[in-house]
Amino acid sequence: MNILSVESSCDETAVAIVRDGREVLTDCIASQVDLHRLYGGVVPEIASRKHIEAIYGLADQALINTGLTRDDIDAVAVTYAPGLIGAVLVGVNFAKAAAFAMDKPLIPVHHIRGHIAYPDLEPPFLRLVVSGGHTMIVNVLDYTKMEILGTSLDDAAGECFDKVARVLGMPYPGGAALDKMAQTGNEHTYSLPRSKPGENPYNMSFSGLKTAALNLIHHAEQLGEEIRIPDLCAAFSAAVSDTLVPRVELAIRETGCKKIAVAGGVAANSRIRRDILAAAEKLGAQVYMPPLKLCGDNGAMIGAQAYYEYLAGNVADMSLNAYATKSILGEAL
Ligand code: KG4
Ligand code: ZN
């Protein structure tokens, strides 16, 4: 089954063709990140406009790359939630029009379920999703059956990386630059708080850490003191990792599941990768790290998940709407 899949929930327009949820025939992406960098973050109106400009060309490109024609496409899938509402709507409207014109099923896919889809891994497995918009630990029981163990109660981890990086003068999105800077730093120069376990030991908080780091920078500026940027970056990365990794360890222990996969842009962080690998080794668990290319947003992840949504009977009609927020557990449309 060839699924043409569309993703436009944030600042990446993507169209892929995926066969049977496993084989990525093509994965076309137009990133807007250079444009949004000028403004220090994603500007929703610009994102919507750029998605409209890119989406038709990408769909054509996907067909050209694979040598397939419209007749070879068996279904159209699309991210319908969550994301910037204007941006998600562009993809949803395009996918509805394409499905209608080709008279093919329309499969709505939750963006985070897309991040959870992992081509080489069969459930059950644990999934740590850490991106610019989401931070959660999910117990994936089956392809369309999952349980959220815990989430960030405030900011996403990537959002905090980007905010601290921005105040340190790094261009948006600064997570990767901060990571690089951290590698030459001493994490013990500065002391930053760790998120304490609350009622649900899997839940976490990053806003206190972010505020502490920003206060430290502003305070030094006021006193005319120089910040040792690599040291602060190292201390910050360590604090984020110390918040995430013990919860992953707890999940492995409590569920008894020995497979853990990591997704989202922050999964590229070298400190987090190192700590998760060490924790998993200690517990005899296997870690699955997607290639860096598949850590960020892409169409292939939507096409992979769409196959299992289709098999579970999750198809939509022309009344499908876009949603800025929606639970990953997927209530009725
Ligand atoms: O998953 P993603 O590409 O987009 C969504 O948010 O859906 O994640 C982007 C986030 C940004 O916040 C970016 O700064 C962060 O991932 N990121 C990193 C690293 N590489 C990307 N954060 C920390 N360390 C990195 N190496
Ligand atoms: Zn994403």
Side-chain angles (χ1 to χ4, degrees), residues 5-14 16 27 29-34 36-37 40-42 44 47 78-84 87-88 91 109-118 127-136 138 152 155-168 170-183 185 206 209-210 213 230 232-241 243-245 261-276 289-302 304-305 324-326 328:
S5 52
V6 177
E7 154 65 39
S8 68
S9 64
C10 190
D11 57 354
E12 244 92 43
T13 326
D27 192 10
I29 301 182
S31 177
Q32 311 171 358
V33 70
D34 291 342
H36 295 292
R37 186 171 291 134
V42 178
V78 64
T79 298
Y80 78 106
L84 302 169
V88 186
V109 177
H110 189 285
H111 180 79
I112 306 302
R113 283 192 182 222
H115 271 305
I116 284 168
Y118 193 100
R127 195 62 144 141
L128 171 67
V129 181
V130 266
S131 72
H134 305 273
T135 308
M136 59 174 79
V138 184
S152 170
D155 300 345
E159 211 178 322
C160 297
F161 268 109
D162 293 342
K163 187 70 207 265
V164 172
R166 180 176 171 176
V167 172
L168 291 173
M170 300 169 192
Y172 172 85
L178 191 155
D179 182 14
K180 196 157 173 230
M181 193 64 90
Q183 282 161 30
F206 290 98
L209 168 63
K210 180 185 77 181
L232 183 62
C233 293
F236 185 77
S237 302
V240 174
S241 187
T243 299
L244 293 170
V245 179
V262 187
V266 183
N269 184 269
S270 54
R271 173 63 188 253
I272 297 170
R273 283 187 168 232
R274 196 178 78 206
D275 290 352
I276 287 191
M289 304 266 190
L292 291 186
K293 181 174 179 288
L294 293 182
C295 281
D297 291 343
N298 61 82
M301 70 187 205
I302 301 304
Q305 181 62 21
T325 56
K326 197 156 200 69
I328 190 178

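In listed order, ligands and their atoms are each counted from 1.
Here the protein heavy atom with the shortest distance to atom 15 (C) of ligand 1 is V266 CG2, 3.9 Å. Closest to atom 26 (N) of ligand 1 among all protein heavy atoms lies D179 OD2, 2.9 Å. Ranking protein heavy atoms by distance to atom 22 (N) of ligand 1, first place goes to G175 CA, 3.6 Å. The protein heavy-atom contact nearest to atom 21 (C) of ligand 1 is G265 O, 3.3 Å. Closest to atom 12 (O) of ligand 1, if we only count protein heavy atoms, is D162 OD2, 2.6 Å. Protein heavy atom in closest approach to atom 6 (O) of ligand 1: G132 N, 2.7 Å. If you check which protein heavy atom lies closest to atom 3 (O) of ligand 1, you get G296 CA, 3.2 Å.
Without hydrogens or angle criteria, H115 side chain to M301 main chain gives no donor-acceptor distance under 3.5 Å. D11 places no side-chain N or O within donor-acceptor distance of the main-chain N or O of Q32, the cut-off being under 3.5 Å. Between the side chain of T79 and the backbone N or O of S9, no donor-acceptor pair lies under 3.5 Å. Proximity of a side-chain donor or acceptor of R127 to a complementary backbone N or O of V138 within less than 3.5 Å is not detected. Although no hydrogens or angles enter the test, the distance criterion places a donor-acceptor pair under 3.5 Å between the side chain of S8 and the main chain of A87.
Going from atom CZ of F206 over to atom OG1 of T135 covers 5.5 Å, rounded to the nearest 0.5 Å.
Using a 4.0 Å cut-off to heavy atoms of G158, the atoms of ligand 1 that qualify are 12 (O). If you number the atoms of ligand 1 from 1 as listed, the ones under 4.0 Å from a heavy atom of G133 come out as 6 (O). Here is the list of ligand 1 atoms found below 4.0 Å of a heavy atom in P173: 14 (O). When each atom of ligand 1 is checked for a heavy atom of G264 under 4.0 Å away, the hits are 1 (O).
Annotation for R166: atom CZ does not count as buried by contact number, only 12 or fewer foreign heavy atoms lying within 6.0 Å.
For the Zn ion (ligand 2), the set of protein N/O/S atoms nearer than 2.8 Å consists of H111 NE2, H115 NE2, D297 OD1, ordered by chain and number.
Under the 4.5 Å side-chain criterion, counting only non-hydrogen atoms from C-beta, M170 is in contact with M181. Inter-residue side-chain proximity for M136 and L128 is flagged as unmet; no heavy-atom pair is nearer than 4.5 Å.
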- Query: Where do E7 and S5 land on the side-chain hydrogen bond (donor to acceptor under 3.5 Å, both in side chains) test, with the steps shown first?
  - Reply: CA-CA 7 Å; E7 154 65 39; S5 52; over 6 Å; no
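Within the 4.0 Å heavy-atom shell around ligand 1 one does not find C10.
The side chain to side chain contact (heavy atoms under 4.5 Å, CB included) check on S237 picks up F161, L178, A182, N269, R271, with sequence neighbours excluded.
Minimum heavy-atom separation, A14 to I29: CB-CG1, 4.0 Å.
Proximity of N269 to ligand 1, defined as any heavy-atom pair under 4.0 Å, is shared by backbone and side chain alike.
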